[in-house]
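Structure, as structure tokens:
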Amino acid sequence: EGTALIEGIDVVKEPLRSKEFVSFVSENVMLYGNYTAIQNLDYFTKLAGIRNRTKADYANVLESVGLQKDAFDARSKTYSKGMRQKLGLAIAFLKDAPNVLLDEPTSGLDPKSGQEFLNLLVGMRDKGKSILMSTHDIFRAKLIADRIGFMRKGKLVMSKTRAELEG
């Protein structure tokens with residue numbers, strides 16, 4: 001119940017307009033398995049209305065999220081979960097929305113991939129992006145969050161700053 005606003009826009013009343021201001025990366029990034037990373041990026045950026053990106057732009061963002069170069073032109077159905085998560089984040093980067101919504105983005109990732117992913121989120125945060133992330137991993141959340149909310153049965157029961165949690 002209630003109202004959800006993104007950049008002051010009611011998401012129910014103006015869903016298409018509100019989507020301009022948010023990127024979403026799910027726990028299980030859905031990609032076109034027969035497409036390569038480059039083809040998936042091209043498809044999803046065009047779907048978001050972005051038409052001025054080049055293959056070099058795609059390669060740069062894939063490199064920045066840590067996807068290995070030999071995967072750029074491999075079909076995404078061969079990717080590990082960590083590789084799919086990186087491609088999902090690359091899609092979010094290219095959309096360049098001011099807000100990023102993440103659902104359990106590090107679930108199922110090995111420790112190294114999970115840390116790399118969090119480092120990318122810190123970089124986004126430091127560039128002024130708002131990041132809202134659902135996670136069961138309080139330790140990783142404390143590494144990147146300014147504020148952490150705790151929910152029980154769909155209700156927010158507590159909200160703490162990182163400093164309050166560390167103290």
Side-chain angles (χ1 to χ4, degrees), residues 4-9 11 18-32 36-38 40-45 47-50 53 56-72 76 79-151 154 156-167:
L5 303 173
I6 298 175
E7 301 288 325
I9 301 163
V11 301
S18 67
K19 288 177 186 175
E20 294 175 27
F21 299 96
V22 67
S23 293
F24 176 68
V25 180
S26 70
E27 176 179 0
N28 295 303
V29 174
M30 301 304 291
L31 302 166
Y32 287 93
T36 66
I38 299 285
N40 270 289
L41 281 175
D42 188 55
Y43 175 78
F44 285 108
T45 54
L47 188 63
I50 301 165
R53 298 293 192 255
D57 294 330
Y58 297 145
N60 286 336
V61 76
L62 289 170
E63 202 169 299
S64 75
V65 299
L67 190 67
Q68 56 269 38
K69 286 188 181 192
D70 62 345
F72 292 11
S76 63
Y79 289 4
S80 68
K81 182 167 185 179
M83 292 166 72
R84 288 193 310 272
Q85 292 299 97
K86 289 175 182 178
L87 182 49
L89 196 56
I91 293 166
F93 274 16
L94 283 171
K95 186 172 181 187
D96 199 29
N99 307 287
V100 181
L101 181 61
L102 303 138
D103 178 30
E104 295 285 352
T106 59
S107 173
L109 297 183
D110 63 76
K112 182 178 184 285
S113 293
Q115 187 58 50
E116 289 171 352
F117 194 84
L118 289 177
N119 291 342
L120 294 169
L121 295 181
V122 167
M124 291 177 81
R125 180 197 67 195
D126 292 348
K127 290 180 181 171
K129 304 287 184 189
S130 295
I131 299 171
L132 179 63
M133 178 174 68
S134 68
T135 184
H136 289 86
D137 188 341
I138 186 69
F139 300 106
R140 284 188 172 153
K142 283 179 18 179
L143 294 173
I144 65 165
D146 296 319
R147 289 181 298 204
I148 299 173
F150 297 87
M151 298 187 75
L156 182 66
V157 295
M158 182 183 355
S159 180
K160 299 280 185 181
T161 66
R162 181 179 12 186
E164 289 172 327
L165 287 171
E166 291 173 352

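Throughout, residue positions are numbered sequentially from 1 according to the sequence presented.
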Test item: Glu164 side-chain N/O and Thr161 main-chain N/O as donor-acceptor pair under 3.5 Å: yes
Run the numbers on Tyr58 and Thr45 for side chain to side chain contact (heavy atoms under 4.5 Å, CB included), then give the verdict. CA-CA 10 Å; Tyr58 297 145; Thr45 54; 3.1 Å; yes
Check whether Arg84 reaches the backbone of Tyr79 with its side chain - one donor and one acceptor, N or O, closer than 3.5 Å. yes
What one should report as the nearest heavy-atom pair of Ala92 and Ser23 is O-OG, 3.5 Å
Sorted by chain and number, sequence neighbours left out, ring pair (Phe, Tyr, Trp, His ring centres under 6.0 Å) with Tyr43 holds for Tyr32
Please report the shortest heavy-atom distance between Thr135 and Ala141, naming the atom on each side. CG2-CB, 3.9 Å
Side-chain donor or acceptor of Gln85 paired with backbone N/O of Pro105 under 3.5 Å: yes
Any side-chain heavy atom of Asp126 within less than 4.5 Å of one from Val122? yes
Beyond-backbone contact of Leu132 with Asn99, side-chain heavy atoms, under 4.5 angstrom: no
Salt bridge or not between Glu116 and Lys86? Use side-chain N to carboxylate O under 4.0 Å. yes
Would you say the side chain of Glu7 lies within less than 4.5 Å of the side chain of Ser18, judging by non-hydrogen atoms? no
Sorted by chain and number, sequence neighbours left out, side chain to side chain donor-acceptor pair (under 3.5 Å) with Ser134 holds for Asp103
Would Phe93 and Met124 count as a side chain to side chain contact (heavy atoms under 4.5 Å, CB included) here? Give the steps. CA-CA 9 Å; Phe93 274 16; Met124 291 177 81; 2.9 Å; yes
side-chain contact (heavy atoms from CB on, under 4.5 Å) partner of Met133, the single match among Leu101, Val25, Ile144: Ile144
Do Val11 and Val22 touch side chain to side chain, with heavy atoms closer than 4.5 Å? no
Audit row: Ile91, Leu31, side chain to side chain contact (heavy atoms under 4.5 Å, CB included) steps and yes/no: CA-CA 10 Å; Ile91 293 166; Leu31 302 166; 4.0 Å; yes
Please confirm whether the backbone N or O of Thr36 pairs with a side-chain atom of Asn40, one donor and one acceptor, at under 3.5 Å? yes
Looking at every non-hydrogen atom in both residues, tell me the closest pair between Lys69 and Glu63 and how far apart they are. CE-OE1, 3.0 Å
Grab the two heavy atoms, one from Leu121 and one from Ile131, that are nearest each other, plus how far apart they are. O-CD1, 3.3 Å
Taking NZ, NE, NH1 and NH2 as the nitrogens, is one of them in Asp146 or Arg162 under 4.0 Å from a carboxylate oxygen of the other? yes
Shortest non-hydrogen pair, Arg125 vs Ala145, comes out as NH1-N, 4.5 Å
Non-hydrogen side-chain atoms of Lys142 and Ile138 separated by less than 4.5 Å: yes
Check: Lys160 side chain, Arg147 main-chain N or O, donor-acceptor pair, under 3.5 Å: no
Close side-chain approach of Arg53 to Leu94, heavy-atom, < 4.5 Å: yes
Distance, nearest 0.5 Å, that separates CZ of Phe24 from NZ of Lys19: 11.5 Å
Flag side-chain contact, heavy atom, 4.5 Å: Leu102 against Phe117: yes
Chi angles and distances behind the side chain to side chain contact (heavy atoms under 4.5 Å, CB included) call for Ile38, Leu62: CA-CA 8 Å; Ile38 299 285; Leu62 289 170; 3.8 Å; yes
Sequence neighbours excluded, the answer for side chain to side chain donor-acceptor pair (under 3.5 Å) partners of Asn60 is none
With side chains defined as the heavy atoms from C-beta onward, is the minimum distance between Val29 and Leu87 less than 4.5 Å? no
